[in-house]
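Have a look at the structure below, then the notes.
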Amino acid sequence: VTTTTTSTLFRQAVDPANRADPYPLYAELRRTPVSLQDDGTYVISTYRETGQLLRDPRISSDQRNRAEPPPRLQASRIGRDPTFLNLDPPAHDRARRVVMTQFGPPHTPGRVESMRARIEEIATRLIDAQAGRIRIDIVESLAFPLPVAVICDLLGAPIADAERLHAWSNAVVSRIDPATVSAASDEELQQTAQAEGEFAEYMGALLAERHAHPGDDLLSALVNAEDPTQRLSDAEAISTAMVLMIAGHETTTNLIANGVLTFLRHPEVLARLAAEPDLMISAVEELLRYEPPVQFRERTTLTDVEVAGVPIPKGAALVMLLAAANRDEARFAKADTFVPDRADNEHLGFLTGIHYCFGAPIARLEAQIALREFVRRFVEPRLVVDPPPYRANAPLRGPSQLMIDVQRVRESSEQRRGLAS
Amino acid sequence: MKHLSVIVDLSRCEVYGQCVFAAPGVFSLHGEDCLEFDPAPDEAARQHVLRAARACPVQAISVGWTDDRLGASRTHGKSA
């Protein structure tokens, strides 16, 4: 039963004033697995129901199935073709398979692992550049530039363009933030649409360039696939390239920054990570549970459904609150505690089902390397500001700046004292 | 000689392929829904296998140690 007090909880949870710690509000929401909000949205916040619905074919990722379609921006047509992120089967399966063919197994199993040395080199260079500093913004120096360099590398985009790609990407992701969209003025919406148009134009030109002069990057492989059934249309390729560029850095930046923040809030965890480097592998999974970079995703019902006894009509807007499901005590013991070696960590940080994060393997690799190097090279790091300021975006939650003080930055060749190898 | 022992609970495996990304020398996909893996990979693959096990979205992989190389042939599995 929804009461008047619970019907505004989600709005409170995404209010910028609560961005640093939305978890108590998520806990309130979890008391009702399905919580109808005063704007007609159904918020799903428990682990079982979230997992079930993410695997339920009656639940759509395509907002065109909404009874009341969300407010549209003035469309720049190009760059607006749906991608596998917001399509349902069978169109989803085809679009995702075409890109996966060039990105991972079964056809290209080694692409991500082959980027390891390059990612380590970028992380080393970025931390080297901090030598001599004692106050460092982790977002600006590591958490942001690493994923940007990696995604530019993967897609074959010149790193010199990273700045404007990021500006465009930022404009586009504001569209998945319900609060930003509803608060935006006409002029702001116009600016977003323009940024999106420029971004699409850039990606169109990049794809043409990769077609004419193929490299060993993902976009070259996509546009030059020999089998015509393994190609995307030009319009699809543009919007897919945009999505890969956006998803490839916005979320991983938050994962790395959330990681540094969490480790510095838990000195005993930081000490263990320094002594047991292998622990980072499970610590990153725990981060994906404890501070997921994507807090929620929106969905739509394709038919009337009943969830945990609550009837939801066809065409309704659902919010799948991944970050709340990940803290559900019914699924995870000590759900509000960061346990770096947590066993049985079937978190929803990368979702579950057919929309399981496409870039998960590369996000893991980047976070494991960046955070390992953070632990290894920064001597006595501590937070300057806690909580840090956060980016405006509610679903893609992470610090906009993360200032730390260090005693010094170790040379990359320097061994940590008292540690075997 | 000690070897790693890799066990995949095939009743849980949904072939997300995350293990293949993490340890392409130990896990592979045949087509889109058939996982193939080396149940006794060399010690050198330890890090990769650990990453694969931790990355599994349904936590279907367990890693242990074995004293002799069990099952010289590779193990095949089909998703549920």
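Chain naming here is simple, since letters A, B, ... match the order of the sequence lines and numbering starts at 1 in each. Side chains included, hydrogens not; waters and symmetry mates left out as well; all remaining heavy atoms used.
Between the side chain of A:Thr83 and the backbone N or O of A:Leu85, at least one donor-acceptor pair lies under 3.5 Å. No donor-acceptor pair closer than 3.5 Å links the side chain of A:Ser220 to the backbone N or O of A:Asp216. Put simply, the side chain of A:Ser282 gets close to the backbone of A:Leu279: a donor and an acceptor are under 3.5 Å apart. A donor-acceptor pair under 3.5 Å links the side-chain atoms of A:Glu286 to the main chain of A:Val339, judged by distance alone. Without hydrogens or angle criteria, A:Asn326 side chain to A:Leu288 main chain gives a donor-acceptor distance under 3.5 Å. At distances below 3.5 Å, at least one donor-acceptor pair connects side-chain atoms of B:Tyr16 with backbone N or O atoms of A:Gly353. When atom types are taken as modelled, the side chain of A:Arg289 and the backbone of A:Ala335 share a donor-acceptor pair closer than 3.5 angstrom.
Between the side chains of A:Arg299 and A:Ser60, no donor N or O sits under 3.5 Å from an acceptor N or O. Under 3.5 Å, the side chains of A:Ser412 and A:Arg377 contain no donor-acceptor pair of N or O atoms.
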Scan the side chains in residues 52-60 of chain B for donor-acceptor partners under 3.5 Å anywhere in the protein, sequence neighbours excluded, and list what turns up.
| unit_1 | atom_1 | unit_2 | atom_2 | d |
| --- | --- | --- | --- | --- |
| B:Arg54 | NH1 | A:Arg342 | O | 3.2 |
| B:Gln59 | OE1 | A:Asn345 | N | 3.3 |
| B:Gln59 | NE2 | B:Cys56 | O | 2.9 |

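Taking A:His347, A:Glu285, A:Arg111 one by one and counting their heavy-atom pairs under 4.5 Å with chain B, the maximum is reached by A:Glu285.
Interface with chain B: from residues 358-369 of chain A, residues A:Ala360, A:Pro361, A:Arg364, A:Gln368 qualify, criterion being any non-hydrogen pair under 4.5 Å. Residues of residues 90-104 of chain A lying under 4.5 angstrom from chain B, judged on non-hydrogen atoms, are A:Arg97, A:Met100, A:Phe103, A:Gly104 by number.
With a threshold of 4.5 angstrom between heavy atoms, A:Arg116 approaches chain B through side-chain atoms but not through N, CA, C or O. Contact annotation for A:Glu346: both backbone and side-chain heavy atoms come within less than 4.5 Å of a heavy atom of chain B.
Shown here are the salt bridge (Lys or Arg N to Asp or Glu O under 4.0 Å) partners of B:Asp9, two or more places apart in sequence or in another chain: there are none.
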